[in-house]
**Q** 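My questions all concern the structure below.
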Amino acid sequence: MAYLQLTAILVDDYDEAIAFFTHALGFELAEDSPSLTNDGRPKRWVVVRPPGGETGILLARADGDHQAGAVGDQHAGRVGFFLRVDDFEESHRRMRAAGVEFVTEPRVEPYGQVVVFRDIAGNRWDLLGPPRS
């Protein structure tokens, strides 16, 4: 069976992105290895993922003007990432205390509790909790 192993997020700085994902979101740093670009320049292979998760996020430092222009706008202003949590209120409180920028107020939808936040690069995410009974 196939599964989605990684998705990439363009970032300006590896270490700032690692700090955001591990401290503010509670992800684990799965890998941080030296690597090379296709033309031989140094880069890093940095992967974070939610604890116990199989799918990770490759934090890819923008390379060149074209990629730099896409940092924070990978989904043209739409929510492009969805983080499902078991305890919505606690996750929202912890993330707010860690300085995460929330761009909407929490609301209840048929599929669960939801609030939109921005990651370190400016991309929009949904924080999703279980439906209220």
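All values below come from the heavy atoms of this structure, side chains included, with hydrogens, waters and symmetry mates left out. Worth saying up front: this structure is predicted, and the values here are computed from it rather than measured.
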**Q** How is the hydrophobic cluster of V116 composed, in terms of its other members, when Ile, Leu, Val, Met, Phe, Trp and Tyr link through side-chain heavy atoms under 4.5 Å apart, directly or indirectly?
**A** V79, F82, V103, Y111, V114, L128
**Q** Got a second to check how far M95's CE is from H23's NE2, nearest 0.5 Å?
**A** 14.5 Å
**Q** Evaluate whether atom CG of D12 has more than 12 neighbouring non-hydrogen atoms of other residues, nucleotides or ligands under 6.0 angstrom away.
**A** no
**Q** Check whether any side-chain heavy atom of L29 lies under 4.5 Å from a side-chain heavy atom of F21, and answer yes or no.
**A** no
**Q** Inspect the contact between D15 and R44 and indicate whether a charged nitrogen and a carboxylate oxygen are less than 4.0 angstrom apart.
**A** yes
**Q** Below 4.5 Å, heavy atoms only, C-beta onward: do V11 and E16 meet side chain to side chain?
**A** no
**Q** What donor-acceptor contacts under 3.5 angstrom involve side-chain atoms of residues 59-70, with partners at least two apart or in another chain?
**A**
residue: D63; atom: OD1; partner: R41; partner atom: NH1; Å: 3.1
residue: D63; atom: OD2; partner: R41; partner atom: NH2; Å: 2.8
residue: Q67; atom: OE1; partner: D63; partner atom: N; Å: 2.9

**Q** Give a yes or no on whether V71 and I120 share a hydrophobic cluster (residues Ile, Leu, Val, Met, Phe, Trp, Tyr; joining criterion: side-chain heavy atoms under 4.5 Å apart).
**A** no
**Q** Are any of the side-chain heavy atoms of L10 and N123 separated by less than 4.5 Å?
**A** no
**Q** Taking all atoms of both residues into account, what is the closest heavy-atom pair of V100 and A24, and its distance?
**A** CG2-CB, 3.6 Å
**Q** Could you work out the complete set of other residues in the hydrophobic cluster of V47, with links drawn between I, L, V, M, F, W and Y side chains under 4.5 Å apart?
**A** L6, W45, L58
**Q** How are the rings of W125 and F27 set to each other: parallel, tilted or perpendicular (split at 30° and 60°)?
**A** perpendicular
**Q** If you measure from CG on L25 to CG on L83, what distance do you get to the nearest 0.5 Å?
**A** 6.5 Å
**Q** With sequence neighbours left out, write down each residue that passes salt bridge (charged side-chain N to carboxylate O under 4.0 Å, His left out) with E89, or none if nothing qualifies.
**A** R132
**Q** Which distance, rounded to the nearest 0.5 Å, do you find between the OG1 of T55 and the CG of L4?
**A** 5.0 Å
**Q** Could you check R124, R96, R118 and say which one makes a salt bridge (Lys or Arg N to Asp or Glu O under 4.0 Å) with E101?
**A** R118
**Q** Which residues pass the ring pair (Phe, Tyr, Trp, His ring centres under 6.0 Å) test with Y14, not counting sequence neighbours?
**A** none
**Q** Can you tell me how far the CZ atom of R49 sits from the OG1 atom of T7, to the nearest 0.5 Å?
**A** 13.0 Å
**Q** Who are the salt bridge (charged side-chain N to carboxylate O under 4.0 Å, His left out) partners of E109, not counting sequence neighbours?
**A** R107
**Q** Considering non-hydrogen atoms only, spot the tightest contact between V115 and T104 and give its length.
**A** CG2-O, 3.2 Å
